[in-house]
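Heads up: the structure comes next, in structure tokens.
So you know, we letter chains A, B, ... as the sequences are listed, proteins then strands, and number each from 1.
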Amino acid sequence: MDLDARIRRRQRRNGDRRLVRNYESLSPVAHVEEPTGRGPTFERLLDHLDPVFDGNLPPNAYVHGPAGSGKSAVVTALFAHLRRLPTETRSVIQTSTRATSPPSPAFAYLDLRTTTSEFAFYRGVLGALTEESVPEHGISTDEVRRRLHARLGGSRTGVVIAVDHVDTAEGVDPGELRDRFAGLPSNVSWLAVGREDPEPAELAAYTATSVRVGRYPRQTLVDVVMARASTGLAPQALGHDLARRVADWADGDAHDALAALFAAADRAERDGRTRLADRDVAAAIDEVPRPSVSLGRVLALPPNEQLVLRELVDLDASERTSVTETTDAISASPAVDLSAGTVKRYLYEMAETGVVERVRSEGETGRGRPPSRIEFRFPPTVFRRLYDLGR
DNA sequence: GATCCACGGGAATACACGGATG
DNA sequence: CATCCGTGTATTCCCGTGGATC
């Protein structure tokens, strides 16, 4: 046998031993092409969007449901598919046998987690409509809006915009969002997605429909977990009983269920095992705070804030006894090129928005106002792994 | 030169405590 | 006893500046 063959065989064997085959399919923030078990929700959204198949715009709408109910999964998957429909500018090649369908509106998906400023909002819409890229600097917000109006002015069909994560906590308040919608041309229809029930009053006045998405039923969530495990892990790595346990604990929240699956897999992998054990799942469940902030939100934070969190997850509990101490430990890291003041401000801001939590330390009261320690509102090992994977 | 927005930095305010005051 | 006040921290708030990009 030649050396190459020996190496290949070794590679294969080690490959077979690997527990985690694909982190992407385990990640609670990755959305799949075909979400499991949300057929009825797709149907209701398609009912609402039905006019687009005749080349018309649907009315505005609001999609709402609790955390981890699959709103983003469904809407991103749906819009990814709808974007392939023939539009005015991009028509399909007609076959002689098929009746021609009218060009559909364009489709845009905006995530308010990353698209926070007014500038970014209009730029995002414009970007979805044009081939060439839109500048990020050196051009005013008004100019972007002008170009957007110019671009849509000549369009007969218009555009449907999904605006995900409409939520005061995400940083854009409903009143401001309403003003941004008002700045769009008239041949635009939007589909706002949020948790709040009922819909924020500022937007409700402009929507005709609302679509409610419920929590995942128990068995469906088991299926979701099993489906992700089957594409992300070695065969037979996750027993059905453990999937059920994760699903029971997650209580209809797919984000938390997948976060727990990820944490359990990460733990087993670090231990060099190829199957998830009871204790992996137990430890994982223990690590996911409830309620937890979505990892999607954490990973949408500006790079330097994520860097601060990345350092934070590596600190001992003893280095997290006060905000000042935590700040010092983080800003001392060679990887961090921020002033202590900025690190501290980030920590307070992230506590304010619920990414981390400040817990007033009890006991020995010294002089002055008592300090508080920083606790996670997300599973730290999952964040660490996803961050290190470069997402 | 124009523009956006991340950073830095510091002022203003809140809080806890204990001692002073009415 | 209830309230006020001073001190020392913690926390919040605000805005100017400058880097990066076009």
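Among the atoms of the strands shown, only primed sugar atoms or phosphate atoms (P, OP1, OP2) are found under 4.0 Å from some heavy atom of A/Phe119. Heavy atoms of A/Glu143 sit nowhere under 4.0 angstrom from any nucleic acid atom. Backbone-only engagement by A/Arg360 is indicated by non-hydrogen atom pairs under 4.0 Å involving sugar-phosphate atoms exclusively.
Using a 4.0 Å cut-off between charged nitrogen and carboxylate oxygen, A/Asp280 and A/Arg275 do not count as a salt-bridge pair. With respect to A/Arg270 and A/Asp266, a salt bridge is recorded, a charged nitrogen being found less than 4.0 Å from a carboxylate O. A salt bridge links A/Arg310 with A/Asp314; the closest basic N to acidic carboxylate O contact falls under 4.0 Å.
Nearest approach of A/Asp167 to A/Arg195, heavy atoms of both residues: OD2-CD, 4.3 Å. The nearest pair of heavy atoms linking A/Pro28 to A/Phe262 is CD-CD1, 4.2 Å. Across A/Thr36 and A/Ala227, no two heavy atoms sit closer than the pair OG1-CB, 3.9 Å.
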Between side-chain atoms of residues 341-350 of chain A and protein atoms elsewhere (two or more places apart, or another chain), which donor-acceptor pairs fall under 3.5 Å?
from: A/Thr342; atom 1: OG1; to: A/Ser339; atom 2: OG; distance (Å): 3.1
from: A/Lys344; atom 1: NZ; to: A/Thr324; atom 2: OG1; distance (Å): 3.4
from: A/Arg345; atom 1: NH1; to: A/Glu349; atom 2: OE2; distance (Å): 3.0

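Listed in residue order, the members of residues 329-347 of chain A having a heavy atom less than 4.0 Å from DNA chain C are A/Arg345.
Here B/dC4 presents its C1' atom at 16 Å from OH of A/Tyr122, a figure rounded to the nearest Å. A/Gln306 has its CD atom 15 Å from the C1' atom of B/dA6, to the nearest Å. Going from atom CG of A/Asp142 over to atom P of B/dA2 covers 15 Å, rounded to whole Å. With rounding to whole Å, A/Tyr348 atom OH is found 16 Å from B/dA11 atom C1'.
Between A/Glu349 and A/Val323, it is A/Val323 whose nearest contact on DNA chain C lies nearer the 5' terminus.
Within a 6.0 Å radius of CG in A/Asp316, other residues, nucleotides and ligands contribute more than 12 heavy atoms.
A/Thr141 has a side-chain polar atom (N or O) that falls below the 4.0 Å cut-off from OP1 or OP2 of B/dC4.
With contacts defined as side-chain heavy-atom distances shorter than 4.5 Å, the pair A/Pro371/A/Thr321 does not qualify.
A 4.0 Å heavy-atom criterion places the boundary nucleotides of DNA chain C facing chain A at C/dG8 to C/dC22, written 5' to 3'.
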